Protein chains: 2
Amino acid sequence: MPVTVLLVDDEPLVRAGLRAVLEAQSDIEVVGEAADGAAVIPLVRQLRPDVVAMDVRMPLLDGIEATRAVLRTVDEPPKILVVTTFENDEYVYEALRAGADGFLLKRARPAEIVHAVRLVAEGESLLFPASVRQLAARYGEGDGNRAARAALERARLTEREAEVLRLMTRGLSNAEIADRLFVGTETVKSHVSAVLAKLGARDRTQAVIAAYESGFVAPG
Amino acid sequence: MPVTVLLVDDEPLVRAGLRAVLEAQSDIEVVGEAADGAAVIPLVRQLRPDVVAMDVRMPLLDGIEATRAVLRTVDEPPKILVVTTFENDEYVYEALRAGADGFLLKRARPAEIVHAVRLVAEGESLLFPASVRQLAARYGEGDGNRAARAALERARLTEREAEVLRLMTRGLSNAEIADRLFVGTETVKSHVSAVLAKLGARDRTQAVIAAYESGFVAPG
DNA sequence: GATCGTCTCCCCCGCCCGGGGGAGGCCCGT
DNA sequence: ACGGGCCTCCCCCGGGCGGGGGAGACGATC
């Protein structure tokens, strides 16, 4: 019983990339594609996918409105995985509040993408650990705390990796982090690489940005 | 509606001097004094000053930790003006990066002290709250006042530099910034170097951190 | 016992980054 | 006309960074 996925993105290249990555898995099947959120509802009704990989920015109907529309009008709605580029995630939390089950960076490694699809298909909420704090803040005192804790338990950054990321957000170099943690620089490099991969960041600067944008660290 | 100021310095003489200078202004009111950073937080909560004139070197809790503590634990924190004896004080950099809003030399002329207080009180100061240590060091043994003033002037980012910094905070590489701005990578490198120097940042990661910490860019 | 995840450390390698110094063109204000 | 700031581009150069791959030790879990 494979996981069925509907791809919604205005860029054909992105759809092709997601399809290639996901179709390579024997337990995942891409059952359809859409170029805009406006086309999602009929496709969802027709194909009844387990997961909708939803882009945020689309010309006609963006991912936020499309997510709301699907969840309001479809019985037994699919899980919605918000797909976003790194720079334009200001709408991600709106989408999550609209009912999306997780979000994913486009530049994530294939294994991460596959992992994300499987997780949301299983009903788990998928959030990058860095987003937990911000999520809790935006959801207030409601059941958001529960979701935040749940996400925290499935935190994909290990304890050590989180500590390394925290020191990265202090502007420390690998050598300085190594001194601070009493380990070798090679060890720090391993952790940094793991952090970059998990956050979908290309370099430490992007990782620090992700940390700020997600609320992993707060300014001031 | 006068600007209210809290003085924090371990030397009574300095506090008296600052009080005399500031109280001479009809629009500035010194509402309290503290002899150490350890006493700052309750006083800030009680007096709610607009500006805290904070010495860097203090016996119990130095200006760096005190600045961090205030910004982290107080709602609507005051502006923090770092006061120091030496323009090349190593701790100035850390204090500014901790979130301080400005930098002032004790030997500055009264008019400049007043000006500095008014500037940070207005919040929208032209100062970029970052290190002036390197800039001050360049002026070396020159007159302290001029060194400080020049440093403050030089700490202002040009329009182009601000644009480059903004793109840096989006995670772009030098080559990507060059493409975005239709200039050569060497030009971008020049701007980046200028930004790093003015912010006292060692690399682009620290510059991005400074941008977030200072409110140059806001997360979310 | 076997497997998995984590933490630790090592190698090689390419390359972007940042420092230092220099230079020409442009507009501006004195 | 001259100087100053700003933007633009160039050179050389070292070093930190990040990718890729591998490996040993440890504890938890099955």
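Proteins come first, then strands; the chains are lettered A, B, ... in the order of their sequence lines, and each starts at number 1. Only a predicted model underlies this, so the values are computations on that prediction, with no experimental measurement involved.
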Decide yes or no for [X] and [Y]: does some side-chain heavy atom of the first lie under 4.5 Å from some side-chain heavy atom of the second?
{"X": "B/V208", "Y": "A/I209", "result": "yes"}
{"X": "A/L81", "Y": "A/V5", "result": "no"}
{"X": "A/M168", "Y": "A/I177", "result": "yes"}

Look at the side chain of [X] and decide which nucleotide, out of [options], has an atom nearest to it.
{"X": "A/V183", "options": "C/dT8, D/dC10, C/dG19", "answer": "C/dT8"}
{"X": "B/K189", "options": "C/dC9, C/dG19, D/dC17", "answer": "C/dG19"}
{"X": "B/D203", "options": "D/dC17, C/dC7, C/dG18", "answer": "C/dG18"}
{"X": "B/T158", "options": "D/dC7, C/dC7, C/dG18", "answer": "D/dC7"}
{"X": "B/E159", "options": "D/dG18, D/dC7, D/dC10", "answer": "D/dC7"}

Between [X] and [N], does any side-chain N or O lie under 4.0 Å from OP1 or OP2?
{"X": "A/R202", "N": "D/dG18", "answer": "no"}
{"X": "B/R160", "N": "D/dT8", "answer": "yes"}
{"X": "B/T187", "N": "D/dC9", "answer": "yes"}
{"X": "A/H191", "N": "C/dT6", "answer": "no"}
{"X": "A/S193", "N": "D/dG20", "answer": "no"}

Side-chain ion pair, B/E65 and B/R68, N-O less than 4.0 Å: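 Looking at B/R68 together with B/E65, the answer is yes, because their closest N to O distance falls below 4.0 Å.
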
B/R160/B/E163 ion pair, N-O < 4.0 Å: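 Salt bridge between B/R160 and B/E163, a charged N being under 4.0 Å from a carboxylate O: no.
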
Touch class at under 4.0 angstrom, heavy-atom based, for B/T185 against every strand present: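 It contacts nothing in the nucleic acid.
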
For the pair made of [atom1] in [X] and [atom2] in [N], what is the distance, rounded to whole Å?
{"X": "B/Q206", "N": "C/dC17", "atom1": "CD", "atom2": "P", "result": "16 Å"}
{"X": "A/E163", "N": "C/dT8", "atom1": "CD", "atom2": "P", "result": "11 Å"}
{"X": "A/R204", "N": "C/dC16", "atom1": "CZ", "atom2": "C1'", "result": "14 Å"}
{"X": "A/E176", "N": "D/dC17", "atom1": "CD", "atom2": "P", "result": "9 Å"}
{"X": "A/E186", "N": "D/dC17", "atom1": "CD", "atom2": "P", "result": "12 Å"}
{"X": "A/L172", "N": "D/dG16", "atom1": "CG", "atom2": "C1'", "result": "14 Å"}
{"X": "B/L196", "N": "C/dG19", "atom1": "CG", "atom2": "C1'", "result": "10 Å"}
{"X": "B/E161", "N": "D/dC6", "atom1": "CD", "atom2": "P", "result": "7 Å"}

Position toward the 5' end of DNA chain C (nearest nucleotide), B/N174 or A/V188: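 This one resolves to A/V188.
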
Any N/O donor-acceptor pair, A/S173 side-chain to D/dC17 base, under 3.5 Å: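 By the distance-only test, no, there is no pair.
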
Sidechain-backbone polar pair: A/R48 side chain, A/T4 backbone, donor-acceptor under 3.5 Å: no

